[in-house]
Amino acid sequence: MTWKEYFTSSIGKKFVMALTGISLILFLIVHSTVNGMIFFNDNGETFNFYAHFLSHNWLMRLAELGLFVGLILHIIQGLMLWAQNNAKRPVKYAVNPGNATSAWYSRSMGLLGSLLLIFLVVHLSHFWWGTKVSLYASGHEGHNLYEEMKNAFQIPWVVVVYLLGVIALCWHLIHGFSSAFQTLGINSPKYNPIIKTLGIAYSLIVCLAFAMMPLAFYFGWIS
Amino acid sequence: MEHKEINLNLKVWRQKNAQDSGHFETYKAENISTEMSFLEMFDVLNEKLINEGQDPIAFDHDCREGICGMCSMHINGRAHGPWEGTTTCQLHMRAFTDGQTVTVEPWRAKAFPVLKDLVVDRSAFDRIQQAGGYVSVNTGNAQDGNALPIDKAMADASFDAAMCIGCGACVAACKNSSAMLFTSAKVSQYALLPQGQAERKTRVLNMVAQMDKEGFGACTNTGACEAECPKQISLSNIARLNREYLNAQMSL
Ligand code: SF4
Ligand code: FES
């Protein structure tokens with residue numbers, strides 16, 4: 001079987017989703033840890049130091065590139081799967097089982113993912129774009145990401161959008177985490193409880209950390 | 001068990017043939033014994049329809065003891081009705097209450113076109129099976145049962161997978177109309193046995209290719225199939241299918 005046949009098969013498509021999903025899961029660990037540095041409450045000194053370090057490290061820039069490729073694959077493949085799977089039932093049921101046979105968030109990955117995509121556009125245009133422009137245009141000097149965060153999170157609608165984004169992310173991760181393992185064929189009574197618990201713990205911790213950031217700035221918990 | 005008689009309002013999908021667009025029709029099912037099976041309830045109703053000179057409701061059935069997988073009905077939003085691990089023929093009327101409205105629909109999937117009323121064409125499953133769900137042997141005398149040593153755990157897992165009756169409830173219950181649970185059961189039952197090793201890799205590739213060709217969706221691990229499967233085939237079979245597929249791809 002050729003690689004093309006493999007990656008266009010129903011199982012291959014899921015592999016793409018799982019592998020890119022896991023790389024995004026790993027990225028979120030780094031992202032939330034570095035952003036968590038703002039809670040040192042040292043006027044962003046530690047945070048800015050690491051943010052500067054990451055954006056000036058060629059290995060990290062390479063990883064960032066890989067991440068973007070993965071992200072775009074995840075988005076395109078996900079949207080395509082959503083549309084293709086939907087088309088497999090042209091006449092819908094009059095009565096549906098609701099949550100009796102599956103969890104609502106596991107059925108709503110396309111919707112949650114689309115919400116995340118919208119959030120991502122807002123998010124990247126807020127912080128990532130500005131950082132890159134200043135990095136390439138002005139050689140970064142004088143760019144203070146901490147200050148930018150602080151300013152952005154003074155605006156109520158921005159805070160609300162971020163909180164909604166984080167909520168969508170949390171449900172997306174709770175299904176995505178264990179689903180990725182299942183797709184990769186890792187399913188055994190020995191590991192299943194660990195994967196399930198780890199997935200929920202990971203999703204809650206990461207999302208709580210992210211949710212705290214806009215809140216902390218808005219309510220002035222950190223100066 | 002207390003014997004009772006109940007009356008039901010039935011909303012049944014009627015469709016003349018594959019080309020017809022179909023519609024719901026309401027019927028009254030009266031004096032239904034709670035000890036009847038769901039199919040027997042339909043028999044009573046059909047008897048009445050025939051006596052009145054109407055076209056009886058077409059539905060699939062054969063064994064009526066939960067082993068043939070024919071009795072495909074989506075009852076009140078659930079494949080094979082509200083009971084777990086049960087086919088429609090094994091669903092008893094005591095699962096319903098007097099005066100309840102019960103909506104009965106055929107399996108809905110592009111790969112399972114409706115032929116008439118509640119009857120769908122499940123031959124896509126046959127073609128998946130024909131693509132690799134067998135072991136090629138040059139026939140001769142049957143071997144002695146103990147000639148091939150098999151690990152007990154493997155034999156049990158294989159048997160659990162072989163319980164699949166090809167009913168299609170997994171497809172009907174899945175929001176993606178995916179046939180992964182069925183295909184994974186058929187792949188697993190051979191992958192775990194020594195007899196299945198010779199064709200292990202080509203089997204999984206061919207069966208998945210056929211599954212995709214038939215127009216079933218891709219699995220998103222919602223678990224609805226496992227929840228609705230009358231034989232309670234486990235999702236771990238789908239994980240095994242994924243492993244088998246990856247392994248075949250890596251080495252063929
Ligand atoms: S896996 Fe279960 S639901 Fe699917 S065809 Fe087999 S017995 Fe029916
Ligand atoms: S009629 Fe055979 S399983 Fe129901």
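In what follows, every chain begins at residue 1, and chains take the letters A, B, ... in the order their sequences are listed.
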J.: Using side-chain heavy atoms (C-beta onward) and a distance below 4.5 Å, is B:V114 in contact with B:V119?
T.: no

J.: With the side chain counted from C-beta on, respond yes when A:K14 and A:T183 share a heavy-atom pair under 4.5 Å apart, and no when they do not.
T.: yes

J.: Angle between ring planes, A:H126 versus A:Y162, binned at 30° and 60°: parallel, tilted or perpendicular?
T.: tilted

J.: With respect to chain B, which residue among A:Y6, A:F181, A:Y93 yields the maximal number of heavy-atom pairs within a distance under 4.5 Å?
T.: A:Y93

J.: Contact part of B:I75 toward chain A, heavy-atom cut-off under 4.5 Å: side chain, backbone, both or neither?
T.: neither

J.: Which atoms of B:R78 come close to chain A, meaning under 4.5 Å heavy atom to heavy atom: side chain ones, backbone ones, both, or neither?
T.: side chain

J.: Can you tell which of B:P82, B:S21, B:A172 has the highest number of heavy-atom pairs within less than 4.5 Å of chain A?
T.: B:A172

J.: Counting only heavy atoms not in A:K190, do more than 12 fall under 6.0 Å of its NZ?
T.: no

J.: Just wondering, more than 12 heavy atoms not from A:W3 lying within 6.0 Å of its CH2?
T.: yes

J.: For the CD atom of B:Q15 and the NZ atom of B:K116, what is their distance to the nearest 0.5 Å?
T.: 10.0 Å

J.: Check B:Y27, B:F59, B:F24 against B:W13 for a ring pair (Phe, Tyr, Trp, His ring centres under 6.0 Å) and give me the one that passes.
T.: B:F24

J.: Kindly indicate, with the supporting measurements, whether the criterion side chain to side chain donor-acceptor pair (under 3.5 Å) is fulfilled by B:S184 and B:N237.
T.: CA-CA 5 Å; B:S184 73; B:N237 288 297; 5.2 Å; no

J.: Contact part of A:F15 toward chain B, heavy-atom cut-off under 4.5 Å: side chain, backbone, both or neither?
T.: side chain

J.: Do the side chain of A:N192 and the main chain of A:S188 share a donor and acceptor less than 3.5 angstrom apart?
T.: yes

J.: Heavy atoms only, distances under 4.5 angstrom: which of B:T103, B:N76, B:L246 has the most pairs with chain A? Name it, please.
T.: B:L246

J.: Pick whichever of A:A100, A:A87, A:S106, A:S178 has the most heavy-atom pairs under 4.5 Å with chain B.
T.: A:S106

J.: Sort out for me which of B:A227, B:A218, B:C174 touches chain A most, counting heavy-atom pairs under 4.5 Å.
T.: B:A218

J.: Any idea which of A:M109, A:K88, A:K92, A:R107 has the most non-hydrogen atom pairs under 4.5 angstrom with chain B?
T.: A:K88

J.: Top residue by heavy-atom pair count (under 4.5 Å) with chain A, among B:V208, B:N242, B:L205, B:V171?
T.: B:N242

J.: Based on non-hydrogen pairs under 4.5 Å, which of A:V91, A:L184, A:N96 is most in contact with chain B?
T.: A:V91

J.: Tell me, for A:Q182 versus chain B, whether the close heavy atoms (under 4.5 Å) come from the side chain, the backbone, both or neither.
T.: both

J.: Given the options B:E226, B:E244, B:E105, B:K110, which has more heavy-atom pairs under 4.5 Å with chain A than any of the others?
T.: B:E105

J.: Hey, which of B:G215, B:A248, B:A173, B:S234 has the most heavy atom pairs under 4.5 Å with chain A?
T.: B:G215

J.: Is it true that atom OH of A:Y50 has more than 12 heavy atoms of other residues, nucleotides or ligands lying nearer than 6.0 Å?
T.: no

J.: What option among A:T8, A:I11, A:L81 has the most heavy-atom pairs under 4.5 Å with chain B?
T.: A:I11

